[in-house]
Protein chains: 2
Amino acid sequence: MGPNGYTKEPRGNRLAPASAVAVDVALFTIQDASLRVLLVKRGAPPFRGAWSLPGGFVRRDESVDEAALRELQEETSIRTVYLEQLYTFGELDRDPRGRVISVSYYAVVHQERSRISAGQQIAGAKWFAVHRLPALAFDHREIVHAALERLRNKVNYTSVAFQLLPKKFALSELQRAYEVILGQRLDKRNFRKKMLQLGMLRDTHEQRAEGRQRPARLYAFPEARVIKLQEKGIIVPF
Amino acid sequence: MGPNGYTKEPRGNRLAPASAVAVDVALFTIQDASLRVLLVKRGAPPFRGAWSLPGGFVRRDESVDEAALRELQEETSIRTVYLEQLYTFGELDRDPRGRVISVSYYAVVHQERSRISAGQQIAGAKWFAVHRLPALAFDHREIVHAALERLRNKVNYTSVAFQLLPKKFALSELQRAYEVILGQRLDKRNFRKKMLQLGMLRDTHEQRAEGRQRPARLYAFPEARVIKLQEKGIIVPF
DNA sequence: TCAAAAGTGTTTCCCCTACACCCATGG
DNA sequence: CCATGGGTGTAGGGGAAACACTTTTGA
């Protein structure tokens, strides 16, 4: 790399301008019946003391996806997450210090893992309810909103929602996850009908008694990966 | 910017590694009843002589969106297009010369404008039918496929398809556009019914006689921008 | 026996689909 | 008058939505 921000890795034979490339990750989980994002407190200017998404610069020896995963792990010690690229923010003025292009991601972990990380969590990292966000650094509010919109869409025709649940879960848990993501109540009978109609849920023949009520039947979702469930919208009509 | 690819525009107080950031644009149009992408012939290694998407490096004084638009205009002299960011490709080995992160876009122009550009076109730029692509440089085949998928999706619930047509058009033209994008025949009566049900088409009360057949009624789509048409899928059930 | 959540079917309505013939024009 | 695309309606089926009561358990 030469002086003045030009690198010798051109397309053609011209010199290629270099930019600082960062990743920012909106990590979602469900806690206490609300959808939450992980935020970290900035220790250095600009926006010192403000909350921001976990993130940092992409290194020269890692792919952008790897950088997103690394940043997440440094902040949370969470290993298994669903991580998906969202959008690349490339406005000139988005970082007061100069030109930083940010590739944003969103990620999803289930309750247990997020609680573990809450225990081991680095000082200054905290879960916030998505509808009660503090002021955020940079354009991170925009990123959270884009991530939420994407998640709300994807929940309709993919199996992302299962990423928010433990391996074995009751249908009512699943419904609550959908309700929390979509921000609306769903009809219990229709919800169960549709979910069971998918033919993807495995009945574990186990039950879980939780308090003084009828025990819930536990199901498992056999695919570890996030898959397309249907062509049509599943819960909220598209 | 310092030596060895590190810049002084950090997040925190650490040095930020710099990367070469490029944009690549898949520009679509309809010509001769087929969906086409604009490709340019590479004049320099690597992939010298191979076809690739129009693109190039992002400059320090422009946003990433601006870079995409600029590259498109340098190649085509087209001014008005619908341009949408697609995905950021950040694998380490995607460019044989080293680390280049590419922010990909897709764009859509209507027939007339694309023909104008075909006339004024820079040597070595050519429209290719999307199902008859030559070997492409870098991961550009992947980008074209991602763009196509996005376009096929968006056509269902937004007004992108109108970007492929002139201001005044017959319903049969519109249907042909949908068919060409989706790669399937559609029922004429159902198509017209749905389009007119949207309540978005303005009847211009003009007709166009084209050959020895009944003249077609011309419609206009009043929104210049691409908008959401419906929650549910419009043409192909979602 | 009661509180609290689990579990279970049916009817209605609307939208999507399939499908075939007449119309207006230029040659 | 004929070839070519323009233009039109309806019936049937399937999926979505609305809706209320019984079951099981622990306290």
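Naming: A, B, ... by sequence-line order, numbering from 1 per chain.
Under the rule for a side-chain contact (heavy atoms from CB on, under 4.5 Å), the partners of A:T204 that lie at least two apart in sequence or sit in another chain are A:K168, A:R202, A:E206, A:L218, A:A220. Legend: residues meeting side-chain hydrogen bond (donor to acceptor under 3.5 Å, both in side chains) with B:E71, ordered by chain and number and at least two apart, are absent. Among residues two or more places apart in sequence or in another chain, the side-chain hydrogen bond (donor to acceptor under 3.5 Å, both in side chains) test is passed with B:T88 by A:T88. With sequence neighbours left out, the side-chain contact (heavy atoms from CB on, under 4.5 Å) criterion links B:P134 to B:L39, B:W51, B:F128, B:L136. Among residues two or more places apart in sequence or in another chain, the side-chain contact (heavy atoms from CB on, under 4.5 Å) test is passed with A:A129 by A:S34, A:H131, A:R132. The side-chain hydrogen bond (donor to acceptor under 3.5 Å, both in side chains) search around B:R150 returns B:E84, not counting sequence neighbours. Applying the side-chain contact (heavy atoms from CB on, under 4.5 Å) rule to B:A147 yields the partners B:A26, B:F28, B:L86, B:Y106; only residues at least two apart in sequence or on another chain are considered.
Within the 4.0 Å cut-off from OP1 or OP2 of C:dT17, at least one side-chain nitrogen or oxygen of B:K194 is found.
We find that CD of B:Q184 is positioned 15 Å from C1' of C:dA18, with the value rounded to whole Å. Atom CE of A:M195 and atom P of C:dG7 are 15 Å apart (whole Å). When rounded to the nearest whole Å, the span between CZ of A:R185 and P of D:dA18 equals 14 Å. A straight line from CZ of B:R208 to C1' of D:dG5 spans 12 Å, rounded to a whole angstrom. Rounded to a whole Å, the CG atom of A:L186 is 15 Å from the P atom of C:dA6. Residue B:E210 contributes atom CD, which lies 13 Å from atom P of C:dG26 at whole-angstrom precision. With rounding to whole Å, B:Y157 atom OH is found 17 Å from C:dC16 atom P. Atom CZ of B:F191 and atom P of D:dG7 are 13 Å apart (whole Å).
The 5' end of DNA chain D is approached more closely, in terms of each residue's nearest nucleotide, by A:K188 than by the other of A:K188 and A:Q207.
Of all nucleotides listed (D:dA27, C:dG27, C:dA6), C:dG27 comes nearest to the side chain of B:R212.
Under the 6.0 Å cut-off for aromatic ring centres, B:Y219 and B:F169 do not qualify, their centroids lying 6.0 Å or more apart.
Contacts with DNA chain D (heavy atom under 4.0 Å) in residues 213-222 of chain B: B:Q213, B:R214, B:P215, B:A216, B:R217, listed by number. For the segment residues 163-172 of chain B, the set of residues with a heavy atom within less than 4.0 Å of an atom of DNA chain C is empty.
Evaluation of the salt bridge (charged side-chain N to carboxylate O under 4.0 Å, His left out) test over residues 211-222 of chain B, restricted to residues two or more places apart or in two chains, returns B:D203-B:R217. Sorted by first then second residue, the salt bridge (charged side-chain N to carboxylate O under 4.0 Å, His left out) pairs that include residues 176-187 of chain B, not counting sequence neighbours, are B:E179-B:R185.
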Can you name the atoms? Protein N/O to nucleotides 9-13 of chain C N/O, anything below 3.5 Å, with the distance.
unit_1 : atom_1 : unit_2 : atom_2 : d
C:dT10 : O4     : A:K193 : NZ     : 2.9

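Ring orientation note: the planes of B:F138 and B:H140 are tilted relative to one another, at an angle of 30° to 60°.
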